[in-house]
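Side chains are part of it too, since the values below use all heavy atoms of this structure and drop only hydrogens, waters and symmetry mates. Keep in mind that this is a model prediction, so the values were computed, not measured.
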Amino acid sequence: MKTSHSVLVVSAVGAAGLWLCERQHRRQNALDVAQMHQAWIAEVAENPRLRAAWTPTGGELPDEEYANLLHANRLISFLAAKFRVGLLDKRSLRVQARWLMQREIARSYWKRYGGFRNDEASDRMDRVFNAILSDEYTAVA
């Protein structure tokens, strides 16, 4: 093998390794952020003072209902993290989303906050995730 071919092969292998390392780093960051989010939502859901501080203004949302919506948010965020890192593909996400949307609390959450989740979607993965949940919400509702 010529030296130029060897250099080309080594460069390609190195570039692929860097790409894989970067992808793994992004996935790990997504999981770390999801873990922090889960801890925060759990704390707000269980702490009445925090829940009162973070309840949407307007007073139309009873405390118990808001606590249930926070729990729905935790489950939806958990599914989003699993989808982002590749633990759920589109088909398996659709199965999970259908099961989820068969619960009144998940439908209430999606009706109230689905639009916000669409507004805050930062990339194609978020948009695909939201579209699947919206499809299943529509199918069940």
Side-chain angles (χ1 to χ4, degrees), residues 1 3-141:
M1 183 181 281
T3 303
S4 61
H5 289 129
S6 298
V7 169
L8 183 61
V9 168
V10 167
S11 296
V13 169
L18 287 174
W19 180 80
L20 288 171
C21 185
E22 173 63 22
R23 184 175 74 168
Q24 178 60 28
H25 183 68
R26 281 192 314 268
R27 285 180 172 176
Q28 188 59 51
N29 282 347
L31 290 174
D32 291 344
V33 168
Q35 183 178 13
M36 289 186 291
H37 181 262
Q38 291 291 314
W40 170 247
I41 295 298
E43 187 174 352
V44 172
E46 299 304 322
N47 185 322
R49 286 185 12 191
L50 281 176
R51 203 168 45 250
W54 287 98
T55 299
T57 57
E60 75 283 352
L61 193 59
D63 184 59
E64 185 177 331
E65 182 180 350
Y66 185 58
N68 285 335
L69 291 173
L70 287 168
H71 290 298
N73 184 9
R74 284 185 74 195
L75 185 51
I76 289 170
S77 297
F78 175 65
L79 292 176
K82 286 176 69 175
F83 183 64
R84 176 162 295 280
V85 300
L87 297 175
L88 293 175
D89 60 12
K90 288 180 185 179
R91 185 198 60 75
S92 57
L93 173 59
R94 195 166 294 283
V95 169
Q96 294 289 313
R98 175 66 56 101
W99 178 90
L100 184 65
M101 291 302 170
Q102 291 172 346
R103 276 86 191 140
E104 177 61 34
I105 191 62
R107 290 191 307 275
S108 294
Y109 173 86
W110 199 255
K111 181 178 180 180
R112 182 178 285 269
Y113 296 110
F116 175 73
R117 290 185 77 100
N118 286 327
D119 291 345
E120 73 172 352
S122 62
D123 60 14
R124 185 183 64 80
M125 290 293 285
D126 287 342
R127 288 187 294 276
V128 168
F129 177 85
N130 290 340
I132 290 172
L133 264 69
S134 290
D135 290 348
E136 294 308 317
Y137 170 80
T138 301
V140 171

Chemist: When the side chains of residues 75-87 are checked against the rest of the protein, which donor-acceptor pairs come out under 3.5 Å, sequence neighbours left out?
Modeler:
from, atom 1, to, atom 2, distance (Å)
S77, OG, N73, O, 2.9
S77, OG, N73, OD1, 3.0
R84, NH1, D123, OD2, 3.0
R84, NH2, D123, OD1, 2.8
R84, NH2, D123, OD2, 3.1
R84, NH2, D126, OD1, 2.8

Chemist: Would you say the side-chain atoms of R103 pair up with the backbone N or O of W99, donor to acceptor, closer than 3.5 Å?
Modeler: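 Judged by distance alone, yes, a pair lies under 3.5 Å.
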
Chemist: Applying salt bridge (Lys or Arg N to Asp or Glu O under 4.0 Å), can you list everything that pairs with E64, at least two apart in sequence or on another chain?
Modeler: none

Chemist: To the nearest 0.5 Å, tell me how far R112 CZ sits from R117 CZ.
Modeler: 15.0 Å

Chemist: Excluding sequence neighbours, so at least two apart, what forms side-chain contact (heavy atoms from CB on, under 4.5 Å) with E22?
Modeler: R26

Chemist: With sequence neighbours excluded, tell me which residues meet side chain to side chain donor-acceptor pair (under 3.5 Å) with Q35.
Modeler: none

Chemist: Run R51 and L70 through side chain to side chain contact (heavy atoms under 4.5 Å, CB included) and show every step you take.
Modeler: CA-CA 9 Å; R51 203 168 45 250; L70 287 168; 4.1 Å; yes

Chemist: List the atom pairs, donor and acceptor, that lie under 3.5 Å between side-chain atoms in residues 132-139 and the rest of the protein, sequence neighbours left out.
Modeler:
from, atom 1, to, atom 2, distance (Å)
S134, OG, W110, NE1, 3.2
S134, OG, N130, O, 3.0
E136, OE1, R98, NE, 2.3
E136, OE1, R98, NH2, 2.8
E136, OE2, R94, NH1, 3.0
T138, OG1, S134, O, 3.0

Chemist: By side-chain contact (heavy atoms from CB on, under 4.5 Å), which residues pair with R124, not counting sequence neighbours?
Modeler: R127, V128

Chemist: Would you please name every residue forming a side chain to side chain donor-acceptor pair (under 3.5 Å) with Q28, sequence neighbours left out?
Modeler: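 With sequence neighbours excluded, Q28 shows a side chain to side chain donor-acceptor pair (under 3.5 Å) to D32, given in chain and number order.
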
Chemist: Testing Q38, H37, E43 for side-chain contact (heavy atoms from CB on, under 4.5 Å) with I41, which one passes?
Modeler: H37

Chemist: Quick one: CD on Q96 to CE on M101, what's the gap to the nearest 0.5 Å?
Modeler: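 Answer rounded to 0.5 Å: 12.0 Å.
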
Chemist: Under the salt bridge (Lys or Arg N to Asp or Glu O under 4.0 Å) rule, collect the residues that match up with R107, sequence neighbours excluded.
Modeler: E104

Chemist: Compare every heavy atom of P48 with every heavy atom of E46, then report the nearest pair and how far apart it is.
Modeler: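 Scanning both residues, the minimum pair turns out to be O-CD, 3.4 Å.
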
Chemist: Once ring-ring contact (aromatic ring centres under 6.0 Å, His included) is applied, do any residues pair with Y109, and if so which ones, sequence neighbours excluded?
Modeler: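 Y109 satisfies ring-ring contact (aromatic ring centres under 6.0 Å, His included) with Y113 only.
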
Chemist: So, using ring-ring contact (aromatic ring centres under 6.0 Å, His included) as the criterion, who are the partners of W54 when residues are at least two apart?
Modeler: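 Testing W54 for ring-ring contact (aromatic ring centres under 6.0 Å, His included), a comparison that skips the adjacent residues, returns W40.
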
Chemist: Applying salt bridge (Lys or Arg N to Asp or Glu O under 4.0 Å), can you list everything that pairs with D89, at least two apart in sequence or on another chain?
Modeler: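 Applying salt bridge (Lys or Arg N to Asp or Glu O under 4.0 Å) to D89 gives none.
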
Chemist: Which pair of heavy atoms, one from T55 and one from L61, lies closest together, and at what distance?
Modeler: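 Nearest pair, atom of T55 first, then L61: CG2-O, 4.2 Å.
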
Chemist: Any chance you could measure D119, atom CG, to F116, atom CZ, to the nearest 0.5 Å?
Modeler: 7.5 Å

